[in-house]
Chemist: 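Below: one structure in structure tokens.
All values derive from a computational prediction rather than experimental measurement.
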Amino acid sequence: MSAPSTSQKPLLHFPDRPQFSGFMKPCRVEGEIQNLEVYGEIPADIDGTFYRVMPDPQFSPFIEDDPWFNGDGNISAFRIKDGQASFKQRYVRTEKFTRERDAQRALLGKYRNKYTDAVEFKVRTTANTNVVYFNGKLLALKEDAPPYAIDPQTLETHGLYTFDGQLPSLTFTAHPKFDPRTGDMICFGYEAKGDGTPDVCYYRIGPDGKFLEVVWLCAPVVAMIHDFAVTDNWVVFPLIPQLCDIERMKKGGEHWQWSPETPFYLGVLPRKGAKPTDIKWFRYRNSFPGHTANAYEDKSGNIILDLGLSEKNVFFWWPDAQGNAPEPSSIHSQLTRFTIDPSSPNLELANAEILQSNNSEFYRIDDRFSTQVYRHCYFDLMDPALGTDFPAIAPQLGGGYPLYNSLAHLDIVTRQTEIYFPGRTHMVQEPVFIPRRGSTEEGDGYILALVNNYASMSSELHLLDTRDFTKAQAVILLPIRLRQGLHGNWVDSEDTQPRAE
């Protein structure tokens, strides 16, 4: 397949596809809004900013069935202080974004397939998957390239960020983990030497931005590694059986293809002082591992890993070699626990424990307990029995992503689940946890999530108090619609202060 001509007349409207229609119509908005409408009351102790990013193409793609994941990174910042909220939004000025704006048309081809581009890019990332705060910088992330550094106040793009030249790999995870006690950022890159390479590069970065160690690994297959998990002494890499084939890409095919024959691999590596030969690749039956909730070590030294797991291909828009893909409504992901003995010579994992059986994803915890024993998990849940008016909202849903109609809290000790249902015409996006100021108790605080209102075709922020989870403490209205985002994080105002020596 040859790349399209740069003189080809661009399409002046978005394709008539579910991922570009209804609530998923690209927003393409930059700007700010002060004094958002608040119904209820925002507690006075909340002082910080909720950053999130969404794939939001500025131009219509020349790939008609372009997946939702391929849009430009557009960062939203919700500043909350003194019971009031404001909103700011700005695109990440990636190389792709600026060159397309100059050309006034789309130049990027298929998702992560440079052979289908209209021009050659040095770094073709869209920086659209996550946004984290580290060492005074806001980092916009996508797992195919280094981060872009963003000003936390203005959202101005400073440029590609390689940690002052220390970054050893061509790629960087969209899900770095933070040790709340040391301030270390634990990271990796897969396809770390370029598209189609099995190389995984693990690195640990101190809170001052200095690299503390680098370990190069080789994965058993060239697979997607979207999220991972960290304990005090171990790092776990879950490989999604979506496989890359460079020859397929050169022929114009997709970067990823589901492989029903490939097991679910979990790579286990010592967190500190590891050698490449220390990696162990445990195996479980073919499954789709989603986002991790947390991981820690029990008293026997076993790794306890909690993550979403589905028996079907969650990324249904990348089917198997025969074109088979599950019907989206049939996909069911459950919060699942693996217990792994890192010293075991038996690499076959026979059993997994389901912690919560409903269809769920986007698991978040009180990040102060990351890598440690924890009790509280918050996530998106889909329960059709709650009363969502699907006939009324169906024409506006759009598509290309999973839907969740409620927020849930699981007490892992009692296995009791609390549910917050925002309304019959609403769907929820990923939640974040905000600690209650002055409290050190796990899970004592607030849950904040962006909510899609299909009746008003606008977005809302819903704020819950974890002490009374099933009702909203405050609902913050936006006069605009923000399409489905991927990930985001809460940054407390205290966290932006210089660290004590």
Chemist: Looking at Arg124, Lys96, Arg99, which hits salt bridge (Lys or Arg N to Asp or Glu O under 4.0 Å) with Asp117?
Modeler: Arg124
Chemist: Return the NZ to CZ distance between Lys110 and Arg112, rounded to the nearest 0.5 Å.
Modeler: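 Lys110 NZ to Arg112 CZ: 15.5 Å, rounded to 0.5 Å.
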Chemist: Spell out, as yes or no, whether a donor-acceptor pair under 3.5 Å connects the side chain of Arg481 to the backbone of Phe23.
Modeler: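 Judged by distance alone, yes, a pair lies under 3.5 Å.
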Chemist: Taking the six-membered ring for Trp and the full ring for Phe, Tyr or His, determine whether the centres of His487 and Phe362 are under 6.0 Å apart.
Modeler: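 Yes, the ring of His487 comes within the 6.0 Å limit of the ring of Phe362, centre to centre.
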Chemist: Could you tell me whether the side chain of Glu430 and the main chain of Asn489 form a donor-acceptor pair under 3.5 Å?
Modeler: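 Flag not set: sc Glu430 to bb Asn489 has no pair under 3.5 Å.
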Chemist: Take Leu482 and Phe87 through the side chain to side chain contact (heavy atoms under 4.5 Å, CB included) test and state the conclusion after the steps.
Modeler: CA-CA 12 Å; Leu482 300 180; Phe87 164 79; 4.0 Å; yes
Chemist: Cation-pi check, Arg93 to Tyr148: give yes when NZ or CZ is under 6.0 Å from the six-membered ring centre and within 45° of the ring axis, no otherwise.
Modeler: no
Chemist: For Asp306, check side-chain contact (heavy atoms from CB on, under 4.5 Å) against everything at least two apart and list the hits.
Modeler: Ala293, Ile304, Leu335, Arg337, Leu355, Tyr374, Ile412
Chemist: Check Asp47 with Arg79, please: is the shortest side-chain N to carboxylate O separation under 4.0 Å?
Modeler: yes
Chemist: Say whether, by atom type as modelled, one donor and one acceptor occur between the side chain of Asp151 and the main chain of Thr154 under 3.5 angstrom.
Modeler: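 Pair found, side chain donor or acceptor close to backbone of Thr154.
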Chemist: Do Tyr378 and Tyr363 have ring centres separated by under 6.0 Å?
Modeler: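 Ring centroids of Tyr378 and Tyr363 are no less than 6.0 Å from each other.
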Chemist: Does the side chain to side chain contact (heavy atoms under 4.5 Å, CB included) test come out yes or no for Leu461 and Val475, once each step is laid out?
Modeler: CA-CA 6 Å; Leu461 278 175; Val475 173; over 6 Å; no
Chemist: Given 3.5 Å as the limit, does a donor-acceptor pair link the side chain of Asn130 with the main chain of Leu141, or not?
Modeler: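 Side chain of Asn130 to backbone of Leu141, a donor-acceptor pair under 3.5 Å: no, none is there.
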Chemist: If the condition is side-chain contact (heavy atoms from CB on, under 4.5 Å), which residues does Gln396 pass it with, not counting sequence neighbours?
Modeler: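 side-chain contact (heavy atoms from CB on, under 4.5 Å) list for Gln396, sorted by chain: Tyr454, Met457.
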Chemist: Going by atom types only, do Ser287 and Glu311 share a side-chain donor-acceptor pair under 3.5 Å?
Modeler: no
Chemist: Looking just at side-chain N and O atoms, do Asn453 and Glu460 make a donor-acceptor pair shorter than 3.5 Å?
Modeler: yes
Chemist: With distance as the sole criterion, is a donor-acceptor pair present between the side chains of Thr171 and Asp144 under 3.5 Å?
Modeler: no
Chemist: Given the rule in the side chain to side chain contact (heavy atoms under 4.5 Å, CB included) test, do Trp490 and Ile46 qualify, once you have shown the distances and angles that lead to the verdict?
Modeler: CA-CA 11 Å; Trp490 173 260; Ile46 298 179; 3.6 Å; yes
Chemist: Check this for me: does any side-chain nitrogen of one of Arg28 and Asp56 sit under 4.0 Å from a carboxylate oxygen of the other?
Modeler: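 No, Arg28 and Asp56 are not salt-bridged.
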Chemist: Between Ser330 and Pro326, is there a donor-acceptor pair closer than 3.5 Å when you use the side chain of the first and the backbone of the second?
Modeler: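 Side chain of Ser330 to backbone of Pro326, a donor-acceptor pair under 3.5 Å: no, none is there.
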Chemist: Checking side-chain hydrogen bond (donor to acceptor under 3.5 Å, both in side chains) for the pair Asn452/Gln429: CA distance, chi angles, key distance, verdict?
Modeler: CA-CA 8 Å; Asn452 308 341; Gln429 299 193 28; 2.9 Å; yes
Chemist: Under 4.0 Å between a side-chain nitrogen and a carboxylate oxygen: does that hold for Glu95 and Lys122?
Modeler: no
Chemist: Please state whether the rings of Phe228 and Phe188 are parallel, tilted or perpendicular, taking 30° and 60° as the class boundaries.
Modeler: perpendicular
Chemist: With a sphere of 6.0 Å drawn around CD of Glu120, does it hold more than 12 non-hydrogen atoms of other residues, nucleotides or ligands?
Modeler: no
Chemist: For Ser169 and Tyr203, test the side chains for any donor-to-acceptor distance below 3.5 angstrom and give the result as yes or no.
Modeler: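 A pair is found: one side chain offers a donor N or O, the other an acceptor, under 3.5 Å apart.
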Chemist: Do you know which two heavy atoms are closest between Thr197 and Ala192, and how far apart they sit?
Modeler: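 So the two residues come closest at OG1-N, 3.8 Å.
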Chemist: Please check this pair: side chain of Asn294 against backbone of Thr371, looking for a donor-acceptor N/O pair closer than 3.5 Å.
Modeler: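 Yes, Asn294 side chain to Thr371 backbone: donor-acceptor pair under 3.5 Å.
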Chemist: Among Tyr401, Tyr111, Trp68, Phe69, exactly one meets ring-ring contact (aromatic ring centres under 6.0 Å, His included) together with Phe315. Which residue is that?
Modeler: Phe69
Chemist: Where do His462 and His426 land on the side-chain hydrogen bond (donor to acceptor under 3.5 Å, both in side chains) test, with the steps shown first?
Modeler: CA-CA 11 Å; His462 288 212; His426 298 66; 4.9 Å; no
Chemist: Supply the atom-to-atom distance Glu30 CD to Asn74 CG, rounded to the nearest 0.5 angstrom.
Modeler: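 One finds 6.0 Å between CD of Glu30 and CG of Asn74.
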Chemist: Do any N or O atoms from the side chain of Asp320 and from the backbone of Asn324 form a donor-acceptor pair under 3.5 angstrom?
Modeler: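 Yes; judged by distance alone, with no hydrogens or angles, the pair exists.
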Chemist: Run the side-chain hydrogen bond (donor to acceptor under 3.5 Å, both in side chains) test on Tyr190 and Glu143 for me, step by step, so that the C-alpha distance in whole Å, both residues' side-chain angles and the decisive distance to 0.1 Å come before the verdict.
Modeler: CA-CA 8 Å; Tyr190 72 91; Glu143 58 209 46; 2.6 Å; yes
Chemist: Quick one: closest heavy-atom pair of Thr336 and Leu309, and the distance?
Modeler: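 Distance-wise, the nearest heavy atoms are OG1-CB, 3.6 Å.
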Chemist: Can you list the residues that meet the side-chain contact (heavy atoms from CB on, under 4.5 Å) rule with Ala219, with sequence neighbours excluded?
Modeler: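 By the side-chain contact (heavy atoms from CB on, under 4.5 Å) rule, Ala219 matches Val200, Leu239, Trp281.
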Chemist: Begin with the C-alpha distance, continue with both residues' side-chain angles, and end with the deciding distance and a verdict on side-chain hydrogen bond (donor to acceptor under 3.5 Å, both in side chains) for Asp72 and Thr126.
Modeler: CA-CA 5 Å; Asp72 296 288; Thr126 52; over 6 Å; no
Chemist: Can a donor-acceptor pair be found, under 3.5 Å and without considering hydrogens, that links the side chain of Thr388 to the backbone of Phe390?
Modeler: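 Checking the backbone N and O of Phe390 against the side chain of Thr388, no donor-acceptor pair under 3.5 Å is found.
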Chemist: So, Glu191 side chain and Asp199 main chain: donor-acceptor pair closer than 3.5 Å or not?
Modeler: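 Looks like no, no N/O pair under 3.5 Å.
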Chemist: Between Trp258 and Lys312, is there a cation-pi geometry (under 6.0 Å to ring centre, at most 45° from the normal)?
Modeler: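 No, a cation-pi geometry is absent between Lys312 and Trp258.
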Chemist: Check whether any side-chain N or O of Asn113 sits under 3.5 Å from a backbone N or O of Glu254 as a donor-acceptor pair, and report yes or no.
Modeler: no
Chemist: With salt bridge (charged side-chain N to carboxylate O under 4.0 Å, His left out) as the criterion, how do Asp179 and Arg271 come out once you've worked through the C-alpha distance, each side chain's angles and the decisive distance to 0.1 Å?
Modeler: CA-CA 12 Å; Asp179 188 316; Arg271 176 172 155 183; 2.6 Å; yes
Chemist: Take Phe163 and Phe134, measure what side chain to side chain contact (heavy atoms under 4.5 Å, CB included) needs, and give me the verdict at the end.
Modeler: CA-CA 11 Å; Phe163 299 84; Phe134 178 69; 4.1 Å; yes
Chemist: Is any NZ, NE, NH1 or NH2 atom of the basic residue among Asp366 and Arg368 found under 4.0 Å from an Asp or Glu carboxylate oxygen of the other?
Modeler: yes
